[in-house]
Amino acid sequence: MGTKTLMTLLFVVVVSGFPAAQRRPYNVIMKEMGAAADSLRKDLESDPAAVVATASRLEGLLKETEDFWTQFKTKDAIEAAKGAREVTLAVAAAAKSKDLQKASNTASGLGKFCAACHNSHREQLPDKTYRIRP
């Protein structure tokens, strides 16, 4: 690839924005989070490798959640996402050592972070959908 072609490609990427940096809709992230949390509960019954994979998926979703709230400078939501991420990392570490009891006990702490954020920043509308309050 010639220098001119490489420079043109680099210019296009910089000007158009790098696709990975684009944010996904928050409701999509939350739906994936719910599905991953359900999977984690099932995985914790008997599958350490699946727990590691699911906890990793949750950690990534929580990073997206943290990024979402960072744009609004919503400190409590940012801290909730960070706290939940720490829990998922601890769950994965316990599962990697094949200690599903410890992983399960640790995972039980995830709900408090979710509930705190939902209670502060989510409002149910008459049509049963939700509105986010930054």
Side-chain angles (χ1 to χ4, degrees):
M1 181 180 297
T3 304
K4 187 174 182 179
T5 305
L6 184 58
M7 293 302 289
T8 302
L9 179 61
L10 181 59
F11 176 77
V12 169
V13 169
V14 170
V15 170
S16 66
F18 192 71
Q22 296 175 358
R23 288 196 172 96
R24 297 184 310 141
Y26 191 66
N27 64 326
V28 171
I29 297 167
M30 288 294 107
K31 285 179 183 176
E32 287 182 26
M33 184 100 60
D38 288 343
S39 291
L40 183 65
R41 281 188 281 280
K42 291 174 189 164
D43 297 342
L44 284 164
E45 294 174 7
S46 62
D47 192 346
V51 170
V52 172
T54 304
S56 176
R57 176 74 180 130
L58 279 169
E59 195 271 333
L61 291 166
L62 287 160
K63 176 63 177 132
E64 285 185 88
T65 301
E66 183 182 336
D67 292 345
F68 173 84
W69 289 108
T70 297
Q71 68 183 326
F72 298 110
K73 298 178 177 76
T74 309
K75 187 176 180 176
D76 64 326
I78 295 166
E79 292 303 314
K82 284 181 182 179
R85 283 179 62 211
E86 291 173 9
V87 170
T88 61
L89 293 171
V91 168
K96 282 179 186 174
S97 67
K98 309 280 192 257
D99 190 345
L100 284 180
Q101 184 62 48
K102 183 176 181 180
S104 183
N105 291 343
T106 304
S108 68
L110 277 173
K112 72 178 182 181
F113 295 105
C114 300
C117 196
H118 286 189
N119 291 338
S120 296
H121 300 289
R122 185 176 80 153
E123 174 184 5
Q124 189 171 27
L125 302 173
D127 67 356
K128 305 294 183 199
T129 60
Y130 291 94
R131 179 176 75 91
I132 302 299
R133 296 182 309 227

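The figures here come from the full heavy-atom set of this structure, side chains too, leaving out hydrogens, waters and symmetry mates.
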(message) Apply side-chain contact (heavy atoms from CB on, under 4.5 Å) to residues T88 and R57 and explain how you reach the verdict.
(response) CA-CA 9 Å; T88 61; R57 176 74 180 130; over 6 Å; no
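Panel note: side chain T54, backbone V51; no donor-acceptor pair is recorded below 3.5 Å. Using a distance-only test at 3.5 Å, with no hydrogens or angles considered, a donor-acceptor pair links the side chain of S39 to the main chain of A35. With N119 contributing its side chain and A115 its backbone, the two residues share a donor-acceptor pair below 3.5 Å.
Remark: the S97 side chain and the D99 side chain contain no N/O donor-acceptor pair separated by less than 3.5 Å.
Between atom CD of residue E66 and atom OG1 of residue T74 there is a gap of 12.0 Å, rounded to the nearest 0.5 Å. To the nearest 0.5 Å, atom CD1 of residue I78 and atom OG1 of residue T70 are 4.0 Å apart. One distance of note links CD1 of I132 with CD of E123; it measures 10.0 Å at 0.5 Å rounding. Note that CD of E86 and CG of L62 are 11.0 Å apart. Values are rounded to the nearest 0.5 Å. The distance from atom CZ of R133 to atom CZ of R122, rounded to the nearest 0.5 Å, is 10.0 Å. If you take CD on E32 and CG on N27, they are separated by 10.0 Å, rounding to the nearest 0.5 Å.
Between K42 and D38, no side-chain nitrogen of the basic residue sits less than 4.0 Å from a carboxylate oxygen of the acidic one, so the salt-bridge criterion is not met.
Residues satisfying the side-chain hydrogen bond (donor to acceptor under 3.5 Å, both in side chains) criterion with K112, sequence neighbours excluded, are absent altogether.
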All N/O donor-acceptor pairs, side-chain side in residues 103-111, below 3.5 Å, sequence neighbours left out:
residue : atom : partner : partner atom : Å
N105    : OD1  : Q101    : NE2          : 3.1
N105    : ND2  : Q101    : O            : 3.4
T106    : OG1  : K102    : O            : 2.8
S108    : OG   : N105    : O            : 2.5

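Within the structure, the ring-ring contact (aromatic ring centres under 6.0 Å, His included) test picks out no pair touching residues 74-106 (sequence neighbours left out). Residue pairs meeting the ring-ring contact (aromatic ring centres under 6.0 Å, His included) criterion with at least one partner in residues 61-119, sequence neighbours excluded, are Y26-F68, Y26-W69, F68-F72, W69-H121. The list of ring-ring contact (aromatic ring centres under 6.0 Å, His included) pairs with a residue in residues 84-108, not counting sequence neighbours, is empty.
E59 is not listed as a side-chain neighbour of V91, based on a closest heavy-atom distance of 4.5 Å or more.
Clustering of Ile, Leu, Val, Met, Phe, Trp and Tyr side chains at separations under 4.5 Å leaves L125 isolated, with no partner residue.
Summarising the geometry of V52 relative to A92, their closest heavy-atom pair is CG2-O, 3.7 Å, with the distance given to 0.1 Å. Smallest separation of non-hydrogen atoms from A36 and L58: CB-CD2, 3.6 Å.
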